[in-house]
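In what follows, every heavy atom counts, from backbone to side chain, and hydrogens, waters and symmetry copies are set aside. Chain A is the first sequence line, chain B the second, and so forth, proteins listed ahead of strands; every chain is numbered from 1. All figures in this text were calculated on a predicted structure; none of them were measured in a lab.
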Amino acid sequence: MKIYNTLTGKKETFVPLVEGRAGMYVCGVTVYDVCHIGHARSAVVFDVVRRYLRYRGLDVEFVKNFTDIDDKIINRAREEGASWDAVAGKYTGKYYEDMHRLGVEDADVEPRATEHIKEIIEMVEGLIEKGHAYSVDGDVYFSVPSFPDYGKLSGRKLEEMLAGARVEVDPRKKDPMDFALWKSSREGEPSWQSPWGPGRPGWHIECSAMSMKHLGQTIDIHAGGADLIFPHHENEIAQSEAYNGKPFVRYWMHNGFITVNKEKMSKSLGNFFTIREILDLFDPEAVRLFLLQTHYRSPIEFSNEPLEEATHTLVRYYQSLERLEEFLSLPEGKKENFPPGFEDGILGAQRFQKRFMQAMDDDFNTALAIGHVFELVKEMNRFLDQNPAGEKAREFLLKAKEGLFEAAGVLNVFNRTPSEWQRALLKIKKIGLEVAEIERLIGERRAARAGKDFKRADGIRSGLEEKGIALEDKKDSTAWRVKL
RNA sequence: GGCGGCGUACCCAAGUGGUUAAGGGAGAGGUCUGCAAAACCUCGAUGCAGCGGUUCGAAUCCGCUCGCCGCCUCCA
């Protein structure tokens, strides 16, 4: 398995620190507002990475933090007239709601910064002792020049960065690049007791302290959005390696951005879409498919159109799945008919599983993996067109379906039943009809058709059509589906 | 200014040295059907921003040009 490592800029074979296990830390969110689709991308992408590592037999310890104290939370609390912890609690709850709808699994450990004040203080004290940090008036700064490797992740040199220092430099810093490990609190701000007086942790230190506590001094994978490379992850490396004298992370993974009109989606530009407003219009599975149809390191341009396309894609998928299940549920026929030429295709000999793994082994190429899913779907349809029958054909398709569902479990897409999908569509398209009502009308129409009363049958059909339900007559049944 | 990335069919998108350049959406033809619709099947880039070079061979490596974007500041 190969993983693109930001640290080296290359795809590298993944060799875990301890055979058969993988420790993975993902930078979560700062809980001061609801999440947007960019947060969803990061969460979904690394959810798939985690699932795939597990699928490949690794025992994965997956840690994702919540930053529950920071300037933005304090400001938000002021705006909402609430306490900081009420704000953090509220948006943590909303995070879970959104992520659960998107099929993102909870992490094994979900540490909060404020639950690790003791560990953070210990680490800051250690850094001061080792001469990598210093305190000034209740603040503590990390001394960047004390860590010669600084810049190795983001690929820049200290001298180059000094020229780009655009922000006014705090005169109490010994070096403009130094960053805060501990911030003193003003009157009325949330604070914790420390050797330097009341204060709160700086942003970067929490990840170092929590990663070390829950996964050890050196971890296999550390992941997050590409905007965290500098300074956040660069600073984490400096703190952790200065403190432990050991490599902090073996593989750094970063996902690409969501863009709107080619520009990065961000709070400050105001061009962001929240997960909940998107899920009001589109099914979560379509959103997840949309996110996974592009490689995780490439940018994704956001708009409604590709989400509509992804919905169409799922319609096609579930229609084919329904067809497969109809065949499998038929009583076994006496005669055998195994259409020729299919054994060598992607349906046979676990070929699909192999291709799926090849794609995922190559730096989690979900886009290619999804392509293989549709190669399988297409060939399955072609196979079914040949009117197969008998035990051999049945076994053949069952195997293919097994492979499909293994992949579906990793992507957490394609693994509902066709009728679950239809009901979900009914809901998302806000069709004001119950399934039972639709089925009753289909029954009426069937009777009309049997009596050759096509006028009445067509009337029922067009009535349903106006409400957004299309009818499809099959050999000896009528199916309904939500019009798109 | 420094560093990095991207440009593949009408749209989205995989592919980064070697069989016919995946897959999805849209479109066209066909099958099915009481008529439909949907679905299914088939078709689709002799070419991968442009120009030059390396090579037996390049979308894939190198150079230049054009266009777009990101990071250097909180940010998934």
Figure out the CG/C1' separation between A:Asn381 and B:U42, and round it to whole Å. 13 Å
Once each nucleotide of nucleotides 22-35 of chain B is scored for protein heavy atoms under 4.0 Å, what B/S/- sequence comes out, 5' to 3'? BSBSS-------BB
Within the 4.0 Å heavy-atom criterion, would you say A:Leu289 contacts the bases, only the backbone, or no part of the nucleic acid? nothing
Which part of the nucleic acid does A:Ile258 contact within heavy-atom distance under 4.0 Å: base, sugar-phosphate only, or nothing? base
Tell me what A:Gly38 touches on the nucleic acid: a base, only sugar-phosphate, or nothing, going by heavy atoms under 4.0 Å. base
Whole-Å gap separating P (B:A37) and CD (A:Gln319): 15 Å
Parallel under 30°, tilted from 30 to 60°, perpendicular over 60°: which one fits the rings of A:Tyr25 and A:His222? tilted
Which is true for A:Arg481 with a 4.0 Å heavy-atom rule: it touches a base, it touches only sugar-phosphate, or it touches nothing? sugar-phosphate
Heavy-atom pair of closest approach, residues A:Ala209 and A:Ile120: CB-CG1, 3.7 Å
Output the rounded distance in Å from CD1 (A:Ile438) to P (B:A37). 21 Å
Can you list the residues that meet the side chain to side chain donor-acceptor pair (under 3.5 Å) rule with A:Tyr32, with sequence neighbours excluded? none
Under a cut-off of 3.5 Å for both distances of each Watson-Crick or G-U pair, what dot-bracket string does RNA chain B give, using [ ] for crossing pairs and | for inter-strand pairs? ((((((((.[[[..)..(....]]].(((((.......))))).....[[[[[..)....]]]]])))))))....
Going by the salt bridge (Lys or Arg N to Asp or Glu O under 4.0 Å) test, name the single residue among A:Arg416, A:Arg101, A:Lys427 that passes it with A:Asp283. A:Arg416
Return the residues of residues 406-421 of chain A meeting this criterion: a heavy atom under 4.0 Å from some atom of RNA chain B. Order them by number, or give none. none
Can you list every pair that meets ring-ring contact (aromatic ring centres under 6.0 Å, His included) and has a residue in residues 303-330 of chain A, with sequence neighbours left out? A:Tyr317-A:Phe414, A:Tyr318-A:Trp421
A:Asn5 CG to B:G4 C1', straight-line distance once rounded to whole Å: 16 Å
Identify all pairs in which a protein N or O lies below 3.5 Å from an N or O of nucleotides 65-71 of chain B, and state each distance.
| unit_1 | atom_1 | unit_2 | atom_2 | d |
| --- | --- | --- | --- | --- |
| B:C69 | O3' | A:Lys262 | O | 3.4 |
| B:C71 | OP1 | A:Lys264 | NZ | 3.2 |
| B:C71 | O2' | A:Arg156 | NH2 | 3.2 |

Specify the closest pair of heavy atoms between A:Ala349 and A:Lys354, including all atoms of both residues, with the distance to one decimal. O-NZ, 3.4 Å
Tell me the interatomic distance from A:Phe302, atom CZ, to B:C11, atom C1', rounded to whole angstroms. 16 Å
For A:Gln386 and B:U42, what is the distance between atoms CD and C1' respectively, to the nearest whole Å? 13 Å
For A:Gly224, does its backbone N or O pair with a side-chain atom of A:Ser42 as donor and acceptor, under 3.5 Å? no
